[in-house]
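To start, the structure itself, in structure tokens.
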2 protein chains.
Amino acid sequence: MATIKDVAKRAGVAISTVSYALNNSPRISAATKKKVEEAAKALNYKKNGFASDLKRTKTNTIALLLSDLSGPFYSDLIQGVQDVTSANGYDLIACSSIGGVQSTAVKFLTEKRVDGAIILAHNISDAITLDAAQHGSPLVVLDRYLENESIYHVEVDNIQGGYHATEYLINHGHKQIAYISGPAASHDNVQRYKGYRKALENYKITYQSKWDIASDFTREGGYRATKLLIAQRNLPRAIFYANDEMAVGGLQAFKENKISVPDDISIIGYDDIQLSEYVSPPLTTIKQPKYEVGALAAHLIFQLLGGEKTDHHYKLSTELVERKSVRHVSDE
Amino acid sequence: MATIKDVAKRAGVAISTVSYALNNSPRISAATKKKVEEAAKALNYKKNGFASDLKRTKTNTIALLLSDLSGPFYSDLIQGVQDVTSANGYDLIACSSIGGVQSTAVKFLTEKRVDGAIILAHNISDAITLDAAQHGSPLVVLDRYLENESIYHVEVDNIQGGYHATEYLINHGHKQIAYISGPAASHDNVQRYKGYRKALENYKITYQSKWDIASDFTREGGYRATKLLIAQRNLPRAIFYANDEMAVGGLQAFKENKISVPDDISIIGYDDIQLSEYVSPPLTTIKQPKYEVGALAAHLIFQLLGGEKTDHHYKLSTELVERKSVRHVSDE
DNA sequence: CTGTTAGCGCTTTCAC
DNA sequence: GTGAAAGCGCTAACAG
């Protein structure tokens with residue numbers, strides 16, 4: 001590989017001149033610049049990114065750390081991050097935290113290879129995150145709350161979302177409402193559940209633990225949980241699935257048992273995944289402003305990088321999207 | 001930020017000793033090692049990844065360059081790449097080529113920041129790719145064919161796929177088969193189209209240019225193309241959509257015009273996106289082995305990195321997944 | 001406008 | 001078993 005030195009030699013100028021010329025410094029005359037550029041091209045010279053980053057102690061890139069690169073779930077969020085990152089002339093790299101401490105994500109976080117990072121990866125421990133925060137580069141974490149000077153948060157108000165979902169069911173005349181939950185460890189799930197309970201309470205509906213079913217956010221899990229409910233002949237009049245994937249699984253279970261949604265039972269999901277619109281019946285659900293979360297997260301990073309102050313905590317609202325999986329019932 | 005120097009000072013040893021100790025060299029005594037580790041922890045020392053990469057001229061990471069990070073389309077492929085990358089103890093970063101020459105993807109490609117790269121980004125020009133190939137690091141490109149010593153290819157046999165799709169329609173008694181195409185510039189589209197033409201030819205079905213509709217791989221495009229076909233009262237008995245997204249758009253158009261699929265018209269798609277299973281009727285389509293493509297691409301990189309020789313070209317087969325959007329018709 | 005030079009933080013050879 | 005020192009490729013302060 002040709003280095004800057006080779007280019008300098010070939011162009012018959014000093015190393016620094018090459019550097020200046022290639023970085024478009026105004027100090028270099030057009031003639032010299034041209035000479036340098038020709039030499040560079042002739043040698044197929046490409047600057048070594050590391051050397052340059054090392055010297056400048058700045059990478060011009062921010063990282064998006066995801067627990068799994070391949071989840072379609074992240075699409076909108078990534079889009080949001082990407083849009084504002086490139087609008088700011090920065091580079092964005094995405095990496096996965098699969099592999100825990102060994103993972104690429106953790107490596108980028110700890111080895112200071114980026115100017116800032118957005119974290120949405122539950123399997124990166126709090127300890128590591130807190131540790132990385134010591135570096136001083138801004139960190140936005142989206143999936144939990146961490147008290148630290150250089151850690152910032154953008155979250156969507158899942159309590160409110162859970163509340164609305166439940167309230168919507170109640171407003172449609174439902175009093176028997178089950179909750180099929182995600183993993184107990186999931187912060188999101190806990191919040192949605194809180195909203196559910198709060199709504200029941202506000203509307204003076206007695207909570208029944210038999211309609212509080214544990215599951216795991218997967219389609220398969222939703223299917224099993226629903227089958228269980230059906231087998232127990234314990235069916236409520238409505239179900240709030242903690243996410244759409246599980247609701248889709250539930251739909252499948254109902255179909256197999258010839259139980260009609262929404263005629264026999266109403267269901268509501270959470271997330272508004274692409275599929276929701278296409279299943280039958282189309283799923284009423286709570287939509288999270290994912291694009292906005294991503295965009296705001298990236299925006300925060302740039303504010304901080306620019307030395308501005310900002311709040312440590314932002315909360316975005318959800319929106320209910322009404323489709324066909326909930327029916328109005330008269331008093332039961 | 002604490003540097004290796006600070007650690008050395010605090011531990012009362014030489015810089016090199018710190019380096020050895022932290023990299024688990026056997027030359028260092030347990031006592032010294034412990035001393036160094038404590039100093040490192042006390043100072044919250046983290047090695048600077050650039051400096052180390054620069055020195056070793058090796059990054060231990062490979063890049064996946066995508067035209068758009070947020071496409072759900074890539075899920076399986078990414079999974080494949082990710083699996084074999086981490087199995088090999090390498091890091092994987094994904095970056096987008098949005099922004100062309102300015103993009104992160106191009107930067108990583110040209111600035112030698114990775115040991116190898118997998119490219120699936122039509123907007124990275126051949127020139128840049130060829131140029132990057134001069135670096136000597138292995139490149140696997142998935143979306144076109146480039147003749148170069150250090151460029152390797154994994155492709156799925158789209159001609160065969162297009163042929164099968166068309167043949168399937170023919171075997172179901174269809175003779176009037178339209179093709180709704182993707183962008184003319186798309187290599188994939190051209191291949192599928194070739195397969196379509198070849199099948200018509202083999203089965204002695206006359207090609208009719210009126211049933212050769214240009215579109216763009218989007219749902220909206222498929223919708224419009226289908227509307228057009230309907231408006232012209234020019235409906236064939238079957239349509240081969242060059243991808244599922246367009247087929248989904250087409251389904252919508254048919255629904256609005258009360259044309260029944262598959263009773264009035266049969267359709268087949270391409271890709272087997274997640275949605276295909278859920279639209280109504282479920283879409284018969286051609287499935288590409290995306291996971292395998294990703295896994296093989298990554299595998300090739302490691303073979304090459306390991307100094308092994310390998311073919312420059314691999315071709316994987318498609319598979320037809322039969323659902324409900326094609327009906328058998330008797331001779332027309 | 002151009003050249004000299006001192007590092008960025010780390011790895012690694014060589015000498016002790 | 002440990003340390004001194006060279007240098008990876010580049011940038012930028014400084015001197016001319």
Side-chain angles (χ1 to χ4, degrees), chain A residues 1-40 43-61 107-108 110-115 134-137, chain B residues 1-37 39-40 43-61 107-108 110-115 135-137:
Chain A
M1 278 293 304
T3 75
I4 197 173
K5 226 164 165 174
D6 303 319
V7 179
K9 194 179 294 167
R10 172 147 186 153
V13 297
I15 291 181
S16 58
T17 305
V18 176
S19 176
Y20 286 130
L22 262 22
N23 290 307
N24 297 313
S25 161
R27 331 169 33 159
I28 302 294
S29 72
T32 314
K33 185 168 172 184
K34 193 165 168 211
K35 211 165 54 181
V36 170
E37 278 167 351
E38 275 164 5
L43 293 167
N44 190 23
Y45 166 76
K46 295 280 146 39
K47 86 155 134 189
N48 181 314
F50 296 123
S52 143
D53 285 347
L54 172 59
K55 183 66 195 178
R56 300 185 324 185
T57 53
K58 176 155 171 10
T59 64
N60 233 267
T61 98
K107 194 152 151 192
F108 271 81
T110 56
E111 293 187 2
K112 197 172 172 354
R113 287 164 188 265
V114 288
D115 294 345
Q134 306 308 320
H135 286 220
S137 35
Chain B
M1 276 293 305
T3 75
I4 197 171
K5 226 165 164 174
D6 303 319
V7 179
K9 195 179 294 168
R10 172 151 186 148
V13 298
I15 291 180
S16 57
T17 305
V18 176
S19 175
Y20 286 129
L22 262 22
N23 290 305
N24 298 313
S25 161
R27 327 168 39 161
I28 302 294
S29 72
T32 314
K33 185 167 172 184
K34 195 168 166 210
K35 211 166 50 182
V36 170
E37 277 166 353
L43 293 166
N44 190 22
Y45 166 77
K46 295 281 147 38
K47 87 157 135 189
N48 180 315
F50 295 125
S52 129
D53 285 347
L54 172 58
K55 185 68 196 181
R56 300 185 324 189
T57 55
K58 178 155 172 4
T59 65
N60 232 268
T61 100
K107 192 152 149 194
F108 271 80
T110 56
E111 294 187 358
K112 194 169 175 349
R113 286 164 187 267
V114 289
D115 293 345
H135 286 220
S137 37

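Atom set for the values below is all heavy atoms of this structure, side chains included, hydrogens, waters and symmetry mates excluded.
A donor-acceptor contact under 3.5 Å is not formed by the side chain of B:Lys55 with the base of C:dG9.
Scanning residues 21-29 of chain A for heavy-atom distances under 4.0 Å to DNA chain C yields A:Arg27, A:Ile28, A:Ser29. Annotation: proximity of residues 4-14 of chain B to DNA chain D (heavy atom, distance under 4.0 Å) is found for B:Val13, B:Ala14, numbered in ascending order. Non-hydrogen atoms lying under 4.0 Å from DNA chain D are contributed by nothing in residues 31-39 of chain A.
Atom OH of A:Tyr45 is separated from atom C1' of D:dG9 by 7 Å (rounded to the nearest Å). Atoms CG (B:Asn48) and C1' (C:dC8) sit 8 Å apart, rounded to a whole Å. The interatomic distance linking A:Ile15 (CD1) with D:dA13 (C1') rounds to 16 Å, in whole Å. Whole-Å rounding puts the A:Leu54 CG to D:dC10 P distance at 12 Å. Residue B:Phe50 contributes atom CZ, which lies 19 Å from atom C1' of D:dG7 at whole-angstrom precision. To the nearest angstrom, P of D:dG9 lies 16 Å from NZ of A:Lys46.
Taking the side chain of A:Thr17 as heavy atoms from C-beta on, and the options D:dT2, C:dT2, C:dT11, the nearest nucleotide is C:dT2.
Residues B:Tyr45 and B:Ile4 approach most closely at CE1-N, 3.4 Å, considering heavy atoms.
The phosphate of C:dT13 has neither OP1 nor OP2 within less than 4.0 Å of any side-chain N or O from B:Tyr20. At the phosphate of D:dG3, neither OP1 nor OP2 sits under 4.0 Å from any side-chain N or O atom of B:Ser16. For A:Ser19 and D:dT11, the shortest distance from a side-chain N or O to OP1 or OP2 is below 4.0 Å. A close approach under 4.0 Å does occur between a side-chain nitrogen or oxygen of B:Lys47 and OP1 or OP2 of C:dT11.
Interatomic distance, A:Lys112 NZ to A:Gln134 CD, rounded to the nearest 0.5 Å: 13.5 Å. Of the inter-residue distances, the one linking A:Lys35 atom NZ with A:Ser29 atom OG reads 7.5 Å to the nearest 0.5 angstrom.
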message = For a side chain to side chain donor-acceptor pair (under 3.5 Å) check, start with the C-alpha distance between A:Thr59 and A:Asp53, then their side-chain angles and the critical distance, and finish with the verdict.
response = CA-CA 5 Å; A:Thr59 64; A:Asp53 285 347; 5.6 Å; no
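The shortest side-chain heavy-atom distance between B:Thr61 and B:Arg113 does not fall under the 4.5 Å cut-off. A:Glu111 has its side chain out of reach of B:Lys46: every pair of non-hydrogen atoms, C-beta onward, lies at least 4.5 Å apart. In this structure, the side chains of B:Thr3 and B:Asn48 stay at 4.5 Å or more apart for every pair of heavy atoms.
Comparing the local axis fitted to the first five base pairs of the helix from C:dC1-D:dG16 to C:dC16-D:dG1 with the one fitted to its last five gives a bend of 40°, rounded to 10°.
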When the side chains of residues 9-22 of chain A are checked against the rest of the protein, which donor-acceptor pairs come out under 3.5 Å, sequence neighbours left out?
unit_1  : atom_1 : unit_2  : atom_2 : d
A:Tyr20 : OH     : A:Arg27 : NH1    : 3.4

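With sequence neighbours excluded, no residue forms a side-chain hydrogen bond (donor to acceptor under 3.5 Å, both in side chains) with A:Asn60.
Residue B:Lys58 qualifies as enclosed at atom NZ: its count of foreign heavy atoms under 6.0 Å is above 12.
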